[in-house]
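The next block holds one structure in the form of structure tokens; read it before the comments.
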Amino acid sequence: MSEVFVGLIGIAVLVFIFLIGMPVGFAMGLVGVAGFCYLRSFDAGLSILARDVWAQFSSYSLTVIPMFVFMGSIAFASGMSRRLYDAGYTMLGRLRGGLAMATIAACAGFAAICGSTNATAAAMGRVTLPEMKRYGYSDSLATGCVAAAGSLGILIPPSTIFIVYGILTEQSIGRLFVAGVFPGIILSLLFMMVVALLVWRNPSIAPAGAPTTWRQKLMGLTGILEMLVLFALCIGGLFLGWFSPTQAGAAGAAGALIIALVRRSISWGGFIEAVKDGLRITCMVMVIVTGATIFGHFMAVARIPMELAAWVSGLELPRAAVMGIIVFIYLIGGCFMDALALITLTIPIFYPAVIALGFDPIWFGVIIVLVTEMGVITPPVGVNVYVIKGIATDVPLETIFKGIFPFLVALIANVGILLAFPQIATFLPSLTRY
Amino acid sequence: MGMLALTVGDIVGIKVLSRPIPGGIEMVAFLGAVVTSFAIAHTQVMRGHIQVEFVVMRLPGRLQAVLAALTSLLSLIFFGLLAWRSYDFGRVLQITGEVSMTQKIPFHPFVYGIAFCSVVVSLLLLTEFLRALVKVVKK
């Protein structure tokens, strides 16, 4: 059997044991080791297991994960999401659909201190859904907009997906982070435009809120202020080259904790919960990254990525068409698989082909994040949707998915914009010193 | 246990990072290793590891139990191998006496730590496997 054929069998077996419910990190590790054993030797396969696990677990660059995860869970536990929403509400609440727009703005703000889609969706959903219900917003608009805007969590830095992508492809995490800033802002605006369009077509889905005084508006601003300070500290520090990514995360986590303590908005129990939460998420990500590393080594000896890269660059297709196909594969794959598992599995396979076609690695990272965002809101496996369902238990899943659809169109439009104007993503990273 | 490790790890990590301590980087990295390996079991108990559930959810109960037994057995094999090989790898590092660059911290205790945690996870998976088997037989 040729090496490539063994590799393809490996992928098929892996997909099968994913589907029967084995944790994806374990599954990638096991199939990777088995394949490596088969292609090289039993002993080589087993020693790569111990070495890879040790190398990943003790890797300094991976310590960035717990830092940013911890920062997000502290921000969540200390109620920063509520204060951000209050700020957005006092600004935009009077408009028709203003609450939905405020939700999107607040999600974008929270995304600037939190690096995960489901944490952003959970944090904002708990705050905003009851409000929108109170003002008579339609269920599908309310749930759809939080689920979709929650996905901004990974596009606006910090972002777990950028971290994982950076580690798998050996790109600078700092550059990836800043690359997400402009696309994130554009996407937030696109989401707001979607709300405006929906409300314009059917005003009854989103009645206007009560007017607010200037005093309230000013008070609301303090909620934005703490977010800005944290963001400036850690992403700004990263951008200017003061911090390594791990240090930026540590500074952010410490900053979030200090703000929470000064405001007295976190209890001991809340702190313990935040730590536990951070621990679980960290471990989950680390296990998947480690599994993907082992699997990636198997793929490398099976020569799949190189063969694919050679094949794709030999195709008589325009680059954009190939990218379109890749995005389409992710869109379909993201429907059935967890987004993180999907990208850790596919990045080692697709990345060499994408680079061979001359795409910018940082730009491709942004594209990957955008398709991941689609993955977390598309049925039947869309983490964000289940998070929102967990909060709004009385809203049927179909209603949420229906509400998400217009926002999905906005996401696809954003991919198109980035294809046409890659500078949107690559401009800021070109300025970084880090 | 894992939780305690993370609390210590994170707080020490942050403190270490705010001041330039020689070898801070390697200590943080080692703490990361400790935290992650000890957290695997905790995460498993809390069902925190990502798995694809939407196919399994649609299957009849008995088949679900069979698959649960199968996947825990496969995971058990993985962690069994990991425990064994990490122990071996730790032995190698101990005999060759490899230490970190700045602080001269020996590597092998941490690798043994991974081996130990893998044993814990294996035992956990074994109980899950047996529980799933009981379910299969009962139904």
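Residue numbers begin at 1 in each chain, while the letters A, B, ... track the order of the sequences.
Side-chain contact annotation: A:T290 with A:Q56, donor-acceptor N/O pair under 3.5 Å absent.
Within the 4.5 Å cutoff, the side chain of A:F18 has heavy atoms near those of the A:M28 side chain. By the 4.5 Å heavy-atom criterion applied to side chains, A:T160 and A:T117 are not counted as neighbours. Contact check for A:F295 versus A:I11: side-chain heavy atoms found under the 4.5 Å cut-off.
There is no contact between B:Q64 and chain A, counting heavy-atom distances below 4.5 Å. Of the two parts of A:S47, the backbone and the side chain both hold a non-hydrogen atom closer than 4.5 Å to a non-hydrogen atom of chain B. In this structure, chain B has heavy atoms under 4.5 Å from both the backbone and the side chain of A:D43. Looking at A:V24, the atoms closer than 4.5 Å to chain B (heavy atoms on both sides) sit in the backbone and in the side chain alike. Heavy atoms of B:L74 lying under 4.5 Å from chain A belong to its backbone as well as its side chain. With a threshold of 4.5 angstrom between heavy atoms, A:I288 approaches chain B through side-chain atoms but not through N, CA, C or O. For a residue to count as touching a neighbouring chain, one of its non-hydrogen atoms must lie under 4.5 Å from one of that chain's; by this rule B:L63 does not touch chain A.
Using a 30° and 60° split on the angle between ring planes, A:W54 and B:F110 fall in the parallel class, below 30°. Using cut-offs of 30° and 60° for the angle between ring planes, the A:F271 and A:F70 rings count as perpendicular.
Comparing A:A27, A:G21, A:G25 by heavy-atom pairs within less than 4.5 Å of chain B, the highest count is held by A:G21. The most heavy-atom pairs under 4.5 Å with chain B, out of A:L19, A:I65, A:L46, come from A:L46.
Ring centroids of B:Y87 and B:W84 are separated by 6.0 Å or more, keeping the two rings apart.
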